[in-house]
Amino acid sequence: MSYKSSLKNPIFSTISEVADELNFPTYVVGGWVRDLLLDRTQTETDIDFVCIGNGIVLAEHVAQKLGKNASFKVFKNFGTAMLHYKGENYEFVGARKESYRSDSRKPIVENGTLEDDQNRRDFTINAMAIQLNKKHFGTLIDPFNGQEDLINKRIRTPLDPDVTFSDDPLRMMRAVRFASQLNFTIDKQAMLSIKRNAERLSIISQERITEELNKIILSTTPSVGFKLLFNTNLLHQFFPLMTKLQGVEIRNKHGHKDNFYHTIEVLDNISLNTDNLWLRWAAILHDIAKPQTKKYENGHGWTFHAHEFIGGKMVPKIFRQLKLPLNEKMRYVKKLVTLHLRPITLTKDIVTDSAVRRLLFDAGDDIDDLMTLCNADITSKNETKVKKYLKNFQLVSKKLKEVEEKDSIRNFQPPIDGKDIMTLFNIEAGREIGILKTAIKDAILEGTGKNEKEEALQFVINKAKELNL
Ligand code: CTP
């Protein structure tokens with residue numbers, strides 16, 4: 001079998017020798033075996049081993065055999081040991097039988113057999129083990145027919161799904177994550193069980209939920225995951241705001257688009273062009289304020305006035321709730337959400353250079369990402385319209401390029417700063433400085449002032465007189 005050639009990595013023969021010396025039946029297990037059988041590029045370098053015996057003792061002996069290049073850490077509470085060797089992580093655990101209490105993720109643990117260990121894993125495709133002891137080296141032990149599920153692209157639990165998911169409710173998120181990453185379907189029983197147990201997600205920390213969510217967002221077609229999150233009610237547990245986008249209201253025969261399905265289509269579109277998680281997050285949040293701003297106006301139909309500004313303002317709170325980073329990533333997403341309609345205003349035939357300069361100034365180095373978002377936001381079913389919009393954005397990109405080449409606005413810094421103004425007038429810091437700084441910036445962006453120091457100083461003197469400052 002071809003997978004055996006992947007066991008040529010010397011780590012496997014070292015573990016095999018140590019396992020025989022200790023007389024511990026030992027197996028490589030879990031995600032690494034799954035990815036091996038799927039022939040999937042192994043993105044992460046974590047490999048899990050399980051033995052019938054003491055996993056920490058096994059790891060200690062393996063570390064000794066590997067010599068000084070191996071480092072080694074024990075997690076006593078979990079009964080596991082992590083070995084780090086040549087850039088790879090190897091985790092060792094003794095086979096266990098675990099049962100969980102309904103109010104906690106903390107299991108009651110006893111020693112167990114390989115079968116016990118496989119029973120308590122999340123999915124059949126993650127419960128396959130390959131033996132490493134010399135006598136049976138390379139034998140695949142697959143009690144739940146995970147191989148067939150790989151062929152049929154199916155996510156199924158080894159035990160009754162109610163048991164598997166109540167042991168660890170995060171597995172409901174993992175089911176959706178694997179379905180989205182691998183383009184698999186979740187087995188009907190498991191799907192029904194997730195719907196029944198969705199509320200149990202409440203005992204899982206937001207950090208762990210968001211870790212899975214980000215993996216869903218980074219999959220090739222993330223809408224697969226979001227539809228499942230919505231249909232199972234998982235999304236309602238941790239991100240109810242996004243579920244509010246779903247639905248269409250009709251008044252006087254006017255409907256608006258379903259903003260949930262529109263959003264995940266935008267997300268799929270943008271995912272064709274970027275693997276940047278934060279740009280994908282901007283796609284998820286670009287219309288988040290549409291439900292709040294929705295209004296039916298006679299003669300106009302549905303409007304969503306200022307949804308981009310209100311949406312931008314909502315970003316920090318959403319990031320805090322979802323335990324996403326509150327740093328420059330958040331500010332980047334906020335900026336893109338706030339600006340996402342601006343390029344549309346530049347699609348008119350006649351656009352002043354100053355409008356183009358203002359957008360370049362506001363977007364700075366994120367202008368290309370903003371254009372990627374705007375292109376992804378075109379989801380019309382009408383091909384002629386799509387072509388027209390795309391062509392318009394190409395023209396906007398051209399204008400942006402021309403003006404940037406001419407005026408270098410992207411990283412624009414005004415030619416004089418607050419200190420220069422204070423020295424010029426011999427005054428202390430105060431609100432006048434801000435007013436004058438904004439006036440210089442506006443003049444340069446409008447094209448009425450040059451981006452040059454002497455001229456800016458003269459401009460400030462005139463402006464101060466004019467405003468009686
Ligand atoms: N596992 C589980 N229940 C969980 C998490 C993990 O049963 N909630 C088991 C599965 O057998 C899984 C293995 O532990 O294959 C390793 O978990 P992890 O490293 O989190 O995931 P992988 O399956 O390796 O997948 P990936 O590397 O893509 O995260």
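Predicted, not measured: the structure shown is a model, and the values here were computed from it. Counting begins at 1 with the first residue of the sequence. Atoms within each ligand, like the ligands themselves, are counted from 1 in listed order.
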From the options [options], select the one whose nearest heavy atom is closest to [atom].
atom: atom 7 (O) of ligand 1; options: D35, D122, D46, T164; result: D122
atom: atom 21 (O) of ligand 1; options: E212, M128, R174; result: R174
atom: atom 26 (P) of ligand 1; options: Q181, M173, R177; result: R177

What I want to know is whether [X] and ligand 1 share at least one N or O pair that is separated by under 3.5 angstrom.
X: N126; answer: yes
X: R208; answer: no
X: R40; answer: no
X: G31; answer: yes
X: R121; answer: yes

What atoms of ligand 1 come within less than 4.0 Å of a heavy atom belonging to [X]?
X: D48; value: 13 (C), 16 (C)
X: K215; value: 29 (O)
X: D168; value: 4 (C), 8 (N)

Discussion item. With a 6.0 Å cut-off on the ring centroids, do Y27 and F49 count as close?
Written reply: no
Practice prompt. Give the ring-plane orientation class for W278 versus F319, where under 30° counts as parallel, over 60° as perpendicular and anything between as tilted.
Written response: tilted
Discussion item. Below 30° counts as parallel, above 60° as perpendicular, anything between as tilted: where do the rings of H286 and H340 land?
Written reply: perpendicular
Worksheet item: Can any side-chain N or O of D407 pair as donor or acceptor with the backbone N or O of I409 at less than 3.5 Å?
Response: no
Worksheet item: Can you name the nearest heavy-atom pair linking N273 to T372, along with the distance?
Response: CB-CG2, 4.1 Å
Discussion item. Which heavy atom of N392 sits nearest to which heavy atom of T347, and what is that distance?
Written reply: CB-CG2, 3.7 Å
Worksheet entry | Spatial distance of atom NZ (K388) from atom CZ (F393) [nearest 0.5 Å] | 11.5 Å
Worksheet item: Any side-chain heavy atom of H256 sitting closer than 4.5 Å to one from F304?
Response: yes
